[in-house]
Amino acid sequence: ELFLKPRSGTGSHGARKVKTVDLPVLLGAGAAKWIVQEMCLPPEVTVDAYYDPSSGKSHAICRERIEIKAGVSTKARLFVDEELMHSSLGIARALDLAGTFCFQVMRNSSGWVVTDVNPRPGAATAMCAVTGNDFFAATFARSWGEDAQRFFRPFNSEQFVTRQYGEFLMGPPA
């Protein structure tokens, strides 16, 4: 089995497992529109990262997706992994990314492999803010020429974060 996903996809729309023998028929003449990857093993981890090329400062927090609803993490384990932190710096420099971005990794037989890169914060990047690491605020501060480092605290432990949603009345009061 292999993993097939659209080259310019959003969320996981169109992504699926396929058998190698079925690839020629599935791809047809539109092979350039698809990415074919080997199957990876859990856990699925998103790395929330920040890089400021002018100062060379970077920050990264790993977020293991424990529970997902509608494609967004609702429960996550936050942790630090030196290898993934180093990868975040390499990705930022290679793709000329500045500010906040995120990327997903999973494992194969050789270790961590990048499965997706987003040149923006992720839908669950805000989960890091409860640890004192606000990637969104840092990006705005950087764009306004302010000190972005004030939005980051040392993070050397493992933490679990859950999200809860509220209800909002969108019309006149009843």
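Just so it is clear, the structure is predicted and the values come from calculations on it, not from any experiment.
For the pair Arg77/Val45, no side-chain contact is recorded, criterion being any heavy-atom separation below 4.5 Å from C-beta on. Here the side chains of Arg142 and Tyr50 are in contact, with some heavy-atom distance below 4.5 Å. When side chains are defined from C-beta on, Lys19 counts as touching Glu1, because their heavy atoms get closer than 4.5 Å. You'll find the side chain of Leu23 reaches within 4.5 Å of the side chain of Val18, heavy atoms only. The shortest side-chain heavy-atom distance between Phe160 and Ile66 falls under the 4.5 Å cut-off. In this structure, Asn118 and Asp116 have side chains that are in contact, with non-hydrogen atoms separated by less than 4.5 Å.
When the side chains of ILVMFWY residues are joined at heavy-atom separations under 4.5 Å, either directly or via intervening members, Met127 and Met85 end up in a single hydrophobic cluster. One hydrophobic cluster, built from ILVMFWY side chains closer than 4.5 Å, cannot hold both Trp112 and Ile61; they sit in different ones.
For Lys5, the NZ atom sits in a packed shell: over 12 heavy atoms of surrounding residues, nucleotides or ligands are nearer than 6.0 Å. In this structure, Asp147 places its CG atom where more than 12 heavy-atom neighbours from other residues, nucleotides or ligands lie under 6.0 Å away. Within 6.0 Å of the CZ atom in Arg153, the count of heavy atoms belonging to other residues, nucleotides or ligands does not exceed 12.
Rounding to the nearest 0.5 Å gives a distance of 4.0 Å between CG of Asn108 and CD of Glu38. Separating the NE2 atom in His59 from the CZ atom in Phe135 is a distance of 8.0 Å, to the nearest 0.5 Å. Rounded to the nearest 0.5 Å, atoms CD (Gln159) and SG (Cys128) are 11.0 Å apart. Distance OG1/Thr125 to CG/Asn133: 12.0 Å, rounded to 0.5 Å. Taking CG from Asp134 and OG1 from Thr139, the interatomic distance works out to 9.0 Å, rounded to the nearest 0.5 Å. A distance of 6.5 Å separates CD in Glu44 from CD in Gln104, rounded to the nearest 0.5 Å.
Judged purely by atom type and a 3.5 angstrom limit, Arg65 has no side-chain atom pairing as donor or acceptor with the backbone of Thr46.
What you find for Ala141 and Ala148 is that their closest heavy atoms are CB-CA, 4.0 Å. Of all non-hydrogen atoms in Ala15 and Pro6, the two that sit nearest each other are N-CD, 4.1 Å. Contact detail for Val80 and Asn156: the closest heavy-atom pair is CG2-CA, 4.2 Å.
Looking at Gln164 and Thr162, their side chains never bring a donor and an acceptor atom within 3.5 Å of each other.
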